[in-house]
Amino acid sequence: MTSSTSPNPSAPHSQPQGDGASALESTGPAPVVAPTRQDEVARAGSELIGGPLGRRVLFGAGWWTPVRVIALVAIGMFALGMVQKLPCYNGAWFYGSGSQYTHACYSDIPHLFAGRGFAEGLVPYFDKLSGDMEYLEYPVLTGVFMEVASWVVPDGGTIQHREQIYWLVNAGMLMVCAVVIAVCVTRTHRRRPWDGLLVALAPAFALTATINWDLLAIALTAAAMLMWSRGRAVAFGVLLGLATAAKLYPVLLLGPLLVLCLRAGKWREFLAAAAGTAGSWLVVNLPVMLLAPDGWKKFYTFSQERGVDFGSFWLILQQRSDNALDTDTVNTLATLLMALACLGIAALTLTAPRRPRFAQLALLVVAAFILTNKVYSPQYVLWLIPLAALARPRWRDFLIWQAGEVVYFLGIWFYLAYTTSGDQHQGLPQEGYQLAILAHLLGTLYLCAVVVRDILMPERDVVRRDGSDDPSGGVLDRAPDALVLGRAAHPPRHAAATVSSGPYVAWGAEQSAAGDVRPERN
């Protein structure tokens, strides 16, 4: 173990005073990064709307600011996702089970309106249900979201009409969450607002946005990360606690934040964030925990008792073996694998040549949870989309990963169509579904691999090409290291600087003496 008292790690270790990197920092606010000037895929795609941005473009001039453009694009893509659900809205949800799968338009929302007692006016967590589930199996804040949406549904009319209205109301509320996510990602990296288009245009986002209520937790998490990027640790914690009250996975972000603050010596900020998280989570959960303990704990007991389910590599193992996997054994092994992944991420954080960015580690830890979990519902891809846009804003890698997720999205519905079609066998057989699961697993692993490569080789990190450190890091941005291990205590010389002629590298940004940023080399 080595304690580092080296200079600010966000600046080149070997750059002499007065070099080009220092000159860049002293010339005032840095310009907004245009993806069409750095990203080959973005440049090619821009031909559909008139071509790459020119050198004289004025960012933020007039009404069409990046935030407004990306918000409108997010609304448009969300609307297209709603259109994709029309076959189900018009009948497939209500007549037979196979049609909603063959049209790939399934959603939990209309089915749970009646199945979880909202149609009868039952109070979540307090009133017992008459079906196979005694209480609502969702975290408290999601249950509140579901209940509020049910208040708008009229009491009269057929159950089909009421379920349609319930889905529409929820879709409207979830659309607001989608816009919040896109806007927060757009504003998190001040110099890279156009990376928000990765979220707004993600195919899997449009396809899965209205399957379940995950967007509520994701919106709160995105807002929390925006607050952290602005140095507001308490606000970050409060929002993260609310997100955890809506879905369990957001609390995982405290893990990488702990290790980053350990490396940077930012204990006060981490403790403030952790206290805010615990406090807001308790404010939401404590009343239900005390007044309806059996209903409150249903989410946690259901998650523990649930067997191997769709989308996980555990399902492939189970389907290809003669014996069913024991749930307790899978829980133990999945927990062990997740713990090992977290230890690996912690070791990577403390030994990397440069402190990793917060978004990079957030993506890795959530991806590890997804990969080791015993179930992968198609909407879980939404958890990673904002993190991927911040961790690796590179269109090629993002689309490779999204292609695997679209394959899985189609695969699970066609597999369910196959299993519900009886002797007709319409859809995707078991072996085909296993290939769809592999497409999801390999795509996610690929995304993690390029992020790990960026951590080990920070000069390959597209966000750091211009000399930035950690735009989403808040107090971590450009903070000196306090504790590092191994080779990180002796950082290599990334470049020799000569301003008079030739290129130099300022933490990954290869620049000429004239200051032009050269395209990234992959």
Side-chain angles (χ1 to χ4, degrees), residues 77-116 119 131-133 137-138 158-164 166-168 170-171 174 202-215 306-316 318-320 370 373-383 402-441 443:
M77 287 295 290
F78 192 98
L80 288 177
M82 294 179 65
V83 171
Q84 191 266 334
K85 300 293 186 290
L86 273 180
C88 281
Y89 181 86
N90 290 330
W93 285 330
F94 315 108
Y95 307 115
S97 59
S99 182
Q100 61 185 335
Y101 302 137
T102 56
H103 288 92
C105 55
Y106 174 86
S107 173
D108 288 325
I109 294 172
H111 297 301
L112 295 188
F113 176 68
R116 296 300 180 265
D132 58 347
M133 192 72 66
E137 73 280 22
Y138 286 84
T158 64
I159 187 63
Q160 175 180 334
H161 176 68
R162 297 179 70 202
E163 288 179 352
Q164 288 173 322
Y166 187 64
W167 181 80
L168 285 174
N170 276 279
L174 292 171
F205 199 108
L207 291 171
T208 63
T210 57
I211 290 179
N212 203 279
W213 292 270
D214 293 61
L215 287 185
R306 187 176 189 176
V308 172
D309 214 330
F310 295 114
S312 68
F313 78 93
W314 301 104
L315 182 64
I316 297 179
Q318 179 166 280
Q319 290 180 343
R320 301 189 72 85
I370 284 175
N373 201 13
K374 58 187 176 182
V375 58
Y376 179 72
S377 297
Q379 72 273 10
Y380 288 1
V381 66
L382 296 169
W383 303 358
Q402 282 288 287
E405 295 298 332
V406 171
V407 168
Y408 178 74
F409 174 84
L410 297 174
I412 186 172
W413 305 131
F414 291 160
Y415 173 65
L416 288 171
Y418 181 88
T419 59
T420 57
S421 61
D423 295 335
Q424 297 180 7
H425 298 307
Q426 296 178 344
L428 192 66
Q430 178 174 290
E431 293 77 11
Y433 178 53
Q434 292 173 0
L435 291 176
I437 295 175
L438 286 175
H440 144 66
L441 295 173

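Throughout, numbering of the chain's residues begins at 1 and tracks the sequence. Since the model is a prediction, treat every value here as computed from it, not as a measurement.
Across T102 and A417, no two heavy atoms sit closer than the pair CG2-CB, 3.8 Å. The nearest pair of heavy atoms linking T420 to G98 is OG1-CA, 3.9 Å. Minimum heavy-atom separation, F78 to A209: CE1-CB, 3.6 Å.
Atoms CZ and CG, on F310 and L315 in that order, are 7.5 Å from each other to the nearest 0.5 Å. One distance of note links CG of L382 with CZ of F205; it measures 6.0 Å at 0.5 Å rounding. Rounding to the nearest 0.5 Å places NE2 of H103 at 14.5 Å from CH2 of W413. Residue I370 holds its CD1 atom at 12.5 Å from OG of S312, rounded to the nearest 0.5 Å. With values rounded to the nearest 0.5 angstrom, E431 atom CD is found 11.5 Å from I316 atom CD1.
Between E137 and R306, the closest side-chain pair of non-hydrogen atoms is not below 4.5 Å. Two residues are said to be in side-chain contact when any heavy atoms from C-beta on lie closer than 4.5 Å; Y101 and Q426 fail this criterion. Contact annotation: the side chain of N212 approaches that of Y138 to within less than 4.5 Å [non-hydrogen atoms, C-beta and beyond]. Q402 is listed as a side-chain neighbour of V381, based on a closest heavy-atom distance under 4.5 Å. Within the 4.5 Å cutoff, the side chain of Q430 has no heavy atoms near those of the T419 side chain. Two residues are said to be in side-chain contact when any heavy atoms from C-beta on lie closer than 4.5 Å; E163 and F94 meet this criterion. Considering only heavy atoms from C-beta on, L428 stays 4.5 Å or farther from L435 through its side chain.
Under a 3.5 Å cut-off, the side chain of T208 and the backbone N or O of Q379 do not form any donor-acceptor pair. Judged by distance alone, the side chain of T210 and the main-chain N or O of A171 form no donor-acceptor pair under 3.5 Å. At least one donor-acceptor pair closer than 3.5 Å links the side chain of K85 to the backbone N or O of L207. A donor-acceptor pair under 3.5 Å is absent between the side-chain atoms of W93 and the main chain of Q160, judged by distance alone. A donor-acceptor pair is defined here as one N or O able to donate and one able to accept, closer than 3.5 Å; no such pair exists between the side chain of S377 and the backbone of Y380. Listed for the Q84 side chain is a donor-acceptor partner under 3.5 Å among the backbone atoms of A104.
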Using distance only, find each side-chain donor-acceptor pair of residues 404-412 under 3.5 Å and give its atom names and separation, not counting sequence neighbours.
from : atom 1 : to   : atom 2 : distance (Å)
E405 : OE1    : Y376 : OH     : 2.7
E405 : OE2    : W401 : NE1    : 3.4
E405 : OE2    : H440 : ND1    : 3.0
E405 : OE2    : T444 : OG1    : 3.4
Y408 : OH     : G311 : N      : 3.3
Y408 : OH     : Y376 : O      : 3.2
Y408 : OH     : Y433 : OH     : 3.0

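Applying the side chain to side chain contact (heavy atoms under 4.5 Å, CB included) test to Y166 and every residue at least two apart in sequence or in another chain returns I109, F113, F118, M146, A149, S150, V153, N170, W213.
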